[in-house]
Amino acid sequence: MTQLPRYRFAPSPTGFFHVGGARTALMNWALARRQGGTFVLRIEDTDEARNKPEWTDGIISALAWLGINSDDPHFEGPLFQSDFVGEHLAAAQRLFESGHAYYCDMTPEDIQARAKSEGVNGYGGWSRDLGIGPGPGRALRFRVPAGSTVVVDLVRGDVTFDHAVIEDFVLVRGNGTPVFNLANVVDDITMRISHVVRAEEHLPNTPKQQMIWNALGHAPPVWAHVPVLVNEQRKKLSKRRDKVALEMYRDEGYLAPAMVNYLMTLGWSPGVASADGSEIIGWDQIEEAFRLEDVNLSPAFFDVKKLVAFNKEYTRQLTPSEFAEACDPFLPDHWDRARFRQIAPFIQERLPVLSDAPAWVGFLFVDNPDMDDEAWDKTMSSEFAQPLLIDTISRYSALDEGDWYAESLKATLEDIMARYDLKLGKAQAPVRVAVSGQTVGPPLFEALEVLGRAETLHRLKVAVDRIAG
RNA sequence: GGCCCGUUCGUCUAGAGGCCUAGGACACCACCCUCUCAAGGUGGCGGCACGGGUUCGAAUCCCGUACGGGCUACCA
């Protein structure tokens, strides 16, 4: 009987969800689903995290945003490492009884002092044959045997670690609490995890964990260590230096499918799955094509510029109503949503991120648009600006409300500009700045249509007065 | 310091000894299109870290060097 694969994702709650974690979660998710297996979410909850359940909620909602839904049949959890302490300790006891572990009464200070006086590095297995029994303050250490461990890794191949450089590491602290490596392995064993896919930084832990698996009488899982994500300095993305919180990208209006797609292209390529050479590829195809064997070995730079390019592409693919709805959370509450829906199609293919929406169309929702002084000076200093605006006012005034449409507004301005021997590109500039306060924005005439006759004429007059004054 | 991992355009990658005059995507530049900005089109810039092998032939295999990274807790 072959067991269905069980992938586990084990984030530690820290108050935000790291984009690197998002990527490994996505990889686990793709594999678990394609193979009909399970994605197990196990929270490595520390004391601090246990007192802050909102941290865990944050992880779950971040995963849901990515499309990893906890009500999907392939999803299991969340389970909490702290719920398994009993198993951890039972396993420790077995390890002690079978001789794979021994008690040590040296404190970290003792070890340091000893190492110094003996001129050695680290612990050195001083208590391993002393036959010390359990007791307060005594740590349980793993008896690392002679030899070496080969970690068979799906992305990196075989990696050999010489036991000579692995200390007799601690399994249970002097205070009786299990340590990460033990807890990790025991959790995975009790949950019958078959595949451990995680970031490369865990690779040095792996031989220790594999020894525990073996000592407990189990064959180790399939390992896969994917490269870390780095910043432009090629350092691992860190909370302090870099923008790593997935939530921040979500809150700025990056689309989840864009983020998912982008994250998956880091260290992996859809290859032939993408016939036209584009890296824009849907989740279904990712799920179908993703293979750990194809993951690159070197760290990948998290490039926000490219993320933005993906985001624009995904934004464009939205239907107009989907787009308007997606923008909604980023709009001030008092804005007229019907009016926004009118202009939305014209900014849809222009927005880098959804949170930019208010800046693009804000002039349509306020009484007095903010005037960009630089834009004003640059545009209104031309000699044709004032006369052209005056002509525009008079010709636009002649238009009835019933004729106040983008096409007629455009035709009228084209008529005017001919007299000044201007191209539309030049002629529209003073009007645009007068009305919106900016040199860039949505298509002018559509915006004027939305703005309305009265307000447009008012703003044009204000501008003429300002030039005169 | 020790152990481990890595190194193809600026960035993400394709590339499993001849298909490579090293392909694509993002970025950048130019031109076209165009009511600004986008989008789209065309073109351009730009790379196998270095040195030795192996081979008729190496981006691809081996060794070394350099550089980068990760880990080095009774943290997780």
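Letters A, B, ... are given to chains in the order of the sequence lines, protein chains preceding strands, and every chain is numbered from 1. Everything quoted here is computed from the prediction, not taken from an experiment.
Spacing of P atoms, G15(B) relative to C61(B), comes out at 13 Å, to the nearest Å. G24(B) sits 28 Å from C67(B) when the C1' atoms are compared, rounded to a whole Å. The P atoms of A76(B) and A16(B) are separated by 44 Å, rounded to the nearest whole Å. When the C1' atom is used for both C33(B) and A66(B), the distance is 49 Å, rounded to whole Å. To the nearest whole angstrom, the two P atoms, one in C62(B) and one in C20(B), are 24 Å apart.
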Sugar-phosphate or base contact per nucleotide [nucleotides 29-37 of chain B; S, B, -; heavy atom under 4.0 Å]: ------BBB

In 5'-to-3' order, the base (B), backbone-only (S) or no-contact (-) status of each nucleotide in nucleotides 61-76 of chain B, using a 4.0 angstrom heavy-atom cut-off, is --------SSS--BSB

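Nucleotide A22(B) forms a pair with no other nucleotide shown, judged by Watson-Crick or G-U wobble geometry with both contacts under 3.5 Å. Pairing for A30(B) is with U42(B), a Watson-Crick or G-U wobble pair whose two hydrogen-bonding atom distances lie under 3.5 Å. The partner of A58(B) cannot be assigned: no Watson-Crick or G-U wobble pair with both contacts below 3.5 Å exists in any strand. Summarising the base pairing, C67(B) is matched to G6(B) through a Watson-Crick or G-U wobble pair whose two defining distances lie under 3.5 Å.
Residues meeting the salt bridge (Lys or Arg N to Asp or Glu O under 4.0 Å) test with Asp373(A), sequence neighbours left out: Arg466(A).
Annotation: salt bridge (Lys or Arg N to Asp or Glu O under 4.0 Å) contacts involving residues 377-391 of chain A, sequence neighbours excluded, comprise Asp391(A)-Arg419(A). Identified under the salt bridge (Lys or Arg N to Asp or Glu O under 4.0 Å) test for residues 298-314 of chain A, with sequence neighbours left out: Glu279(A)-Lys306(A), Glu313(A)-Arg316(A).
Counting atom types as modelled, Lys306(A) pairs a side-chain N or O with a base atom of A25(B) as donor and acceptor under 3.5 Å.
At the heavy-atom level, Lys426(A) lies nowhere under 4.0 Å from the strands shown.
Within the 4.0 Å cut-off from OP1 or OP2 of A39(B), at least one side-chain nitrogen or oxygen of Lys312(A) is found.
Proximity of the aromatic rings of Phe302(A) and Tyr249(A) is defined here by a centroid distance below 6.0 angstrom, and this criterion is met. Ring-centre distance between Phe96(A) and Tyr102(A): not below the 6.0 Å cut-off. Ring centers of Phe169(A) and Tyr123(A): at least 6.0 Å apart, outside the cut-off.
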Using distance only, find each side-chain donor-acceptor pair of residues 433-444 of chain A under 3.5 Å and give its atom names and separation, not counting sequence neighbours.
unit_1	atom_1	unit_2	atom_2	d
Ser436(A)	OG	Arg432(A)	O	2.8
Ser436(A)	OG	Gln438(A)	N	3.2
Ser436(A)	OG	Gln438(A)	O	3.2

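Classification of Arg42(A) and Glu44(A) as a salt-bridged pair holds, one side-chain N sitting under 4.0 Å from a carboxylate O.
No side-chain heavy atom of Phe180(A) sits under 4.5 Å from any side-chain heavy atom of Leu182(A).
When distances are taken from the side chain of Val159(A) to each of A38(B), C5(B), C3(B), the shortest belongs to C5(B). Each of A25(B), A39(B), U7(B) was ranked by its minimum atom distance to the side chain of Ser298(A); first place goes to U7(B).
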